[in-house]
Amino acid sequence: MIRKIVEGVYNVGAIDWERTLFDEIVPLPQGTSYNAYLIIGKEKTALIDTVEPEKYEQLERNLEEMKVDKIDYIISNHAEQDHSGSIPMVLGKYPEAKVVTNAKCKEFEKDLLHLKDEDFIIIKEGDTIDLGGKTLEFIMTPWVHWPETMTTFLVEDKIAFTCDFFGSHAATTHTFAEQYDRIYHEAKRYYAEIMMPFRQIIGRNIEKIEKLNPEIIAPSHGPAYREPGFIINAYRDWISEKTKNEALILYVSMHGSTKKMVDALVDYLGKYRVEMKVRDLITADLGEIAIDMVDVTTIIIATPTILAGPHPNAVYAAYLANALKPKAKVIGIMGSYGWGGRTVDILKANLGALKGEILEPLLIKGLPKEEDYAKIEDFAKKIAEKHRELGVMK
Ligand code: FEO
């Protein structure tokens, strides 16, 4: 399906309705798309990014429908294979085409795709290519989310092609974002899973994009934005230090003791006016957990003791939080045990990259007793105090 962005600019990429998992880890409840943009100038034609190799047929069909008999430049904004993977096929079909990218991206693509030196034209920050009335300018936007990522700006039409940056995993036939609630959620999911670890650097890249004053932002996943402020402001909010008066409770329970602790904690946090999100680590969608992590003040991991340590799903949650580096300011560890174990040590070892303060852990032997509920209430009170001190609770 071909989708016109403006005169001479078309999304000829692929829609992937069936894909349910990305990178074999990220759930895709709404599928995804791999947008490739065809830019037709008076003299030259460029293709910005390609598609996941298994969807190449869609790209080829679209190019044939557009009667494209020559591509001069394949602009590669990012070496990850969902955008670069079909470059060898496009080069096979259009052998005169050159791959235009930065030096770092070239090295990745030589490794990942076995492209050769002679396949490339290397550009750097601020370089331009004139297609004849359509000028492409290259802006380096590293770490969104690999070191080589860049943005291509179409000067005359003021369109920023940002690749993964500002993208959303959403299979849709809409050319532009229309269902804003849906796209906000999917873009936040995308940010949480892919971009959040690079929060500090993203701020500089947002400024670079804003300086271009784009009228359209066209990422390589999900719909394009005719109102760039929508997605730029959302990103600004997500990367800011601001957190909400919310605690995210990630728990797993084997025989109900940890669940009873969690239920009590929920009641007490409610009593002390802390809002919550509660996820059972056995059934929860990892993407939803990542979204929750974007702006909560507190993350609590609650686990039973199994084989002398935390439940493996609790370790996984800790590892995930550690890798995504959310801006949470307070971290809690709680759970139950039968006869000891290294639950706290193992979880702490997996939380070392987080900046948040780790509270004194709360471990209870067996099913919580009357006196244990007082400890759980103290734990909740401590979290509420932290939220007050941090100014997130009014
Ligand atoms: Fe959409 Fe980093 O690939």
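When a ligand or atom number is given, it counts from 1 through the structure's own listing order. Quick caveat: nothing in here was measured; it's all calculated off a predicted structure.
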Could you pull out the closest heavy-atom pair between Ala290 and Glu193, with the gap in Å? CB-CG, 4.0 Å
Shortest-distance N/O/S atom, Asp82 versus atom 1 (Fe) of ligand 1: OD2
Grab the two heavy atoms, one from Pro142 and one from Ile201, that are nearest each other, plus how far apart they are. O-CG2, 3.7 Å
Given atom 1 (Fe) of ligand 1 as the apex, I'd like the angle to NE2 of His83 and NE2 of His221, rounded to 10 degrees. 90°
Flag side-chain contact, heavy atom, 4.5 Å: Thr135 against Glu156: yes
Metal site atom 2 (Fe) of ligand 1: N/O/S of Glu80 inside 2.8 Å: yes
Give the atom name of whichever N/O/S atom in His78 sits closest to atom 2 (Fe) of ligand 1. NE2
Does the plane of the ring in Tyr190 sit parallel, tilted or perpendicular to the ring in His221? Use 30° and 60° as the thresholds. tilted
Hey, are Asp16 and Tyr34 close enough side-chain-wise for a donor-acceptor pair under 3.5 Å? yes
Only to 10 degrees, please: what angle do the NE2 atom of His145 and the OD2 atom of Asp164 make about atom 2 (Fe) of ligand 1? 90°
